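Everything on this sheet refers to the single structure shown next.
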Amino acid sequence: MRVLPDQTGIAKTFDYVVPEAWVGRVGVGSRVRIALGPRRVGAWVTEVDVDPPAGVTLKPLAKLSGHGPSAELIELARWAQWRWAAKTPVPFLRTASPERNVDGLPARPARTHPAAAVADPVVGPLLADALSGGPTVLRLPPTADLAAVAQGAASLGDALVICPSHRMARHLAVRLRRAGVPVALHPDEWARAAAGGCTVIGTRAAAWAPVPDLAAVVVLDEHDEVHQEERSPTWHARDVVVERARRRGVPCVLTSPMPTLEALRFARLVRADRATERAGWPATVVADRTEEPPGRNALFSPQLVDVVRSGARVLCVLNQKGRAALLGCAGCGEIVRCDACHAAVAKPGDELVCRRCGTTRPVICATCGSIDLKVIRMGVNRVVEDLEALSGERVVAVTAETPAAEVDSARLYVGTEAVLHQVGRADVVAFLDLDQELFAPRYRAAEQALGLVARAARIVGGRGEGGRVLLQTRAPEHEVCRAALLGDPERVAVVEDERREMLGFPPHIALAEVGDQAGEAFVAALVESAPPEVQVQGPVDGAWRVKAPDHQVLCDSLAAVHRPSGRLRLSVDPLRV
DNA sequence: CGGACAAGCTGA
DNA sequence: CAGCTTGTCCGG
């Protein structure tokens with residue numbers, strides 16, 4: 001048998017003989033252990049009945065560990081290796097394998113009766129169209145019931161449903177089970193999924209879940225960046241399942257209130273009529289701050305004051321990104337400053353670094369010697385105080401660490417975008433400084449800003465349910481504000497697409513980033529061998545950008561380069577550019 | 001990946 | 001030339 005060792009540094013297969021006793025129990029996809037040189041390592045069986053290379057004496061497989069990815073997923077891993085220019089398929093096969101050894105599969109649930117038709121008034125009428133033919137983008141308002149989409153897919157047979165969060169996956173599993181659909185939650189119920197007869201629900205990694213009789217694929221909130229792996233290889237669950245569905249010839253639906261331009265490029269758009277879509281976005285008030293001089297009270301528009309005084313439950317979002325976060329000492333309360341120049345210091349890694357002069361020192365308070373230093377959310381804390389003064393009520397500052405009990409104890413909340421995850425219900429979400437989002441130095445800034453509005457919509461509800469969003473901005477005519485006002489994400493898509501085309505950014509081209517020690521040698525070899533339509537730019541901050549007309553050309557060119565020794569960072573479709 | 005072994009540098 | 005580091009190759 002031919003096996004691939006479970007070691008990222010070995011991009012090579014080896015042949016072994018199967019011990020007599022295991023014949024029939026081991027095949028393509030089995031997890032095994034092998035003697036490789038002086039040690040034993042895990043491996044996947046990738047081929048059977050092979051002709052071993054001449055002149056090598058085969059050792060027997062050392063151990064049979066259990067079930068692993070099917071032949072279909074091993075093939076898909078090879079494709080992903082090409083698509084994200086990975087050195088080996090190993091990271092994908094790991095994701096496709098169970099967390100613990102699985103040696104037997106549970107009984108397959110009997111399919112009782114076909115699930116009833118989906119009655120949801122927004123989703124229902126669109127499902128048949130969305131689930132027919134090749135990949136589709138199903139643009140639904142943010143308040144649409146996503147469980148209805150999952151249920152529609154499950155009515156075709158065993159579906160694979162990819163969610164942006166584990167929370168949503170669990171919630172959906174409960175909803176579908178209640179509707180009589182057998183469900184396996186990935187990765188906990190890997191064996192149940194592998195046995196078949198279930199709809200499989202999970203997050204990004206579930207793109208690699210076993211679904212032997214796959215009948216349909218759904219990606220929920222396709223625009224959400226969590227669907228992409230941040231570490232190299234930077235694979236995207238959407239692209240993996242679109243390819244998986246294509247190979248199986250099954251329907252594939254990508255839902256989103258504001259689909260990415262990438263998805264719209266290869267998928268057919270299905271959407272609700274204008275009135276239905278608009279009704280599913282919250283009523284939006286744009287507070288124009290153009291006339292307001294910059295300063296602390298720039299964060300409180302008359303519209304915000306009205307809302308706070310109205311008695312409504314209000315969530316204020318203030319993004320810290322790009323702003324100097326201060327460190328405070330938990331021991332003595334002092335602001336931690338630079339020894340040399342007394343400017344505030346930051347802690348980007350394991351040391352304190354001065355923002356002004358770059359001096360570094362260990363993480364310790366110079367006044368009292370404490371090592372317990374906390375980030376002070378200056379902006380949020382100040383707004384909390386001012387809002388308490390304004391309302392005469394207690395205001396809760398919400399961070400990722402705020403305990404759930406406290407989160408529900410007040411009427412007014414202030415926090416970074418974490419509040420949008422932590423507070424479940426409110427009447428109004430107010431973005432105190434939307435311009436932080438609109439003008440952030442990221443090429444997806446506009447999409448991400450509208451993404452926050454969509455997330456707020458899930459908390460406050462659509463305009464029919466009284467949901468309200470307040471956007472404080474100095475750019476009231478910005479397409480994100482227009483899109484939110486009209487409940488029409490197309491406003492952002494059109495402008496953004498033109499901008500990307502002009503700047504030569506995805507999805508109009510395929511992009512990769514090359515860096516680290518071996519980057520220069522790699523790029524030199526690439527320029528030598530790649531066709532002329534592949535352009536290399538840089539280096540900027542030690543990294544090169546590789547642009548090609550499409551992924552076929554880009555990935556073929558990257559795969560053709562012999563990798564020089566030394567550390568190499570290679571990210572196809574990098575998240576931050 | 002991790003061990004083996006070879007080729008280069010240092011010190012007496 | 002031993003003793004150590006650095007690099008390249010190989011495993012079935």
Side-chain angles (χ1 to χ4, degrees), chain A residues 1-71 73-101 205 208 229-235 514-526 528-529 542 558-572:
Chain A
M1 275 186 178
R2 189 153 287 168
V3 305
L4 177 71
D6 183 355
Q7 308 267 247
T8 44
I10 309 176
K12 206 178 146 188
T13 57
F14 297 86
D15 296 339
Y16 289 81
V17 291
V18 182
E20 289 292 327
W22 305 357
V23 174
R25 289 199 297 143
V26 54
V28 172
S30 294
R31 285 278 292 165
V32 294
R33 287 188 78 77
I34 54 169
L36 185 68
R39 63 218 165 95
R40 276 190 172 199
V41 297
W44 295 275
V45 175
T46 58
E47 262 178 278
V48 295
D49 302 327
V50 293
D51 291 326
V56 291
T57 30
L58 303 191
K59 294 181 182 178
L61 295 172
K63 184 175 176 267
L64 176 55
S65 310
H67 291 268
S70 62
L73 287 174
I74 292 174
E75 280 305 305
L76 192 67
R78 292 228 168 84
W79 170 82
Q81 178 189 355
W82 167 82
R83 175 63 176 71
W84 285 280
K87 196 157 59 169
T88 77
V90 166
F92 305 112
L93 293 177
R94 282 184 185 163
T95 310
S97 299
E99 286 173 332
R100 283 176 298 279
N101 287 348
W208 299 95
E229 171 67 54
E230 294 174 57
R231 292 165 307 182
S232 187
T234 50
W235 59 277
V514 181
D516 264 355
Q517 274 98 47
E520 186 160 16
F522 183 92
V523 162
L526 178 71
E528 198 64 26
S529 64
L558 294 174
V561 175
H562 174 75
R563 289 179 186 238
S565 62
R567 277 196 2 201
L568 179 69
R569 189 169 49 79
L570 192 46
S571 3
V572 175

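Each chain gets a letter, A, B and so on, in the order the sequences are listed, and its residues count up from 1. Everything numeric in this text was worked out from a predicted model, so none of it was measured.
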Atom-to-atom span, [atom1] of [X] to [atom2] of [N] - whole angstrom:
{"X": "A/Leu36", "N": "B/dA4", "atom1": "CG", "atom2": "P", "value": "13 Å"}
{"X": "A/Leu4", "N": "C/dG12", "atom1": "CG", "atom2": "C1'", "value": "13 Å"}
{"X": "A/Leu58", "N": "C/dG12", "atom1": "CG", "atom2": "C1'", "value": "6 Å"}
{"X": "A/Phe14", "N": "C/dG11", "atom1": "CZ", "atom2": "C1'", "value": "5 Å"}
{"X": "A/Lys12", "N": "B/dC1", "atom1": "NZ", "atom2": "C1'", "value": "13 Å"}
{"X": "A/Leu61", "N": "C/dG11", "atom1": "CG", "atom2": "P", "value": "18 Å"}
{"X": "A/Arg40", "N": "B/dG2", "atom1": "CZ", "atom2": "P", "value": "17 Å"}
{"X": "A/Ile34", "N": "C/dC10", "atom1": "CD1", "atom2": "P", "value": "18 Å"}

Can you find a pair of side-chain heavy atoms, one from A/Phe14 and one from A/Pro5, that are under 4.5 Å apart?
yes
Base, sugar-phosphate, or nothing: which does [X] touch, judged by heavy atoms less than 4.0 Å apart?
{"X": "A/Gly37", "result": "sugar-phosphate"}
{"X": "A/Thr57", "result": "sugar-phosphate"}
{"X": "A/Pro38", "result": "sugar-phosphate"}
{"X": "A/Pro5", "result": "nothing"}
{"X": "A/Ile10", "result": "base"}

Heavy atoms only: give me the nearest A/Lys87-A/Arg563 pair and the separation to one decimal.
N-NH2, 3.9 Å
State, to 0.1 Å, how close A/Gln81 and A/Pro89 come at their nearest heavy-atom pair, and which atoms those are.
OE1-CD, 3.3 Å
Please check if the side chain of A/Trp44 supplies one atom and the backbone of A/Leu4 the other of a donor-acceptor pair under 3.5 Å.
no
Is there a donor-acceptor pair under 3.5 Å between the side chain of A/Arg40 and the backbone N or O of A/Arg33?
no
Among C/dT8, C/dG12, B/dC1, which is the nearest nucleotide to the side chain of A/Ser565?
C/dT8
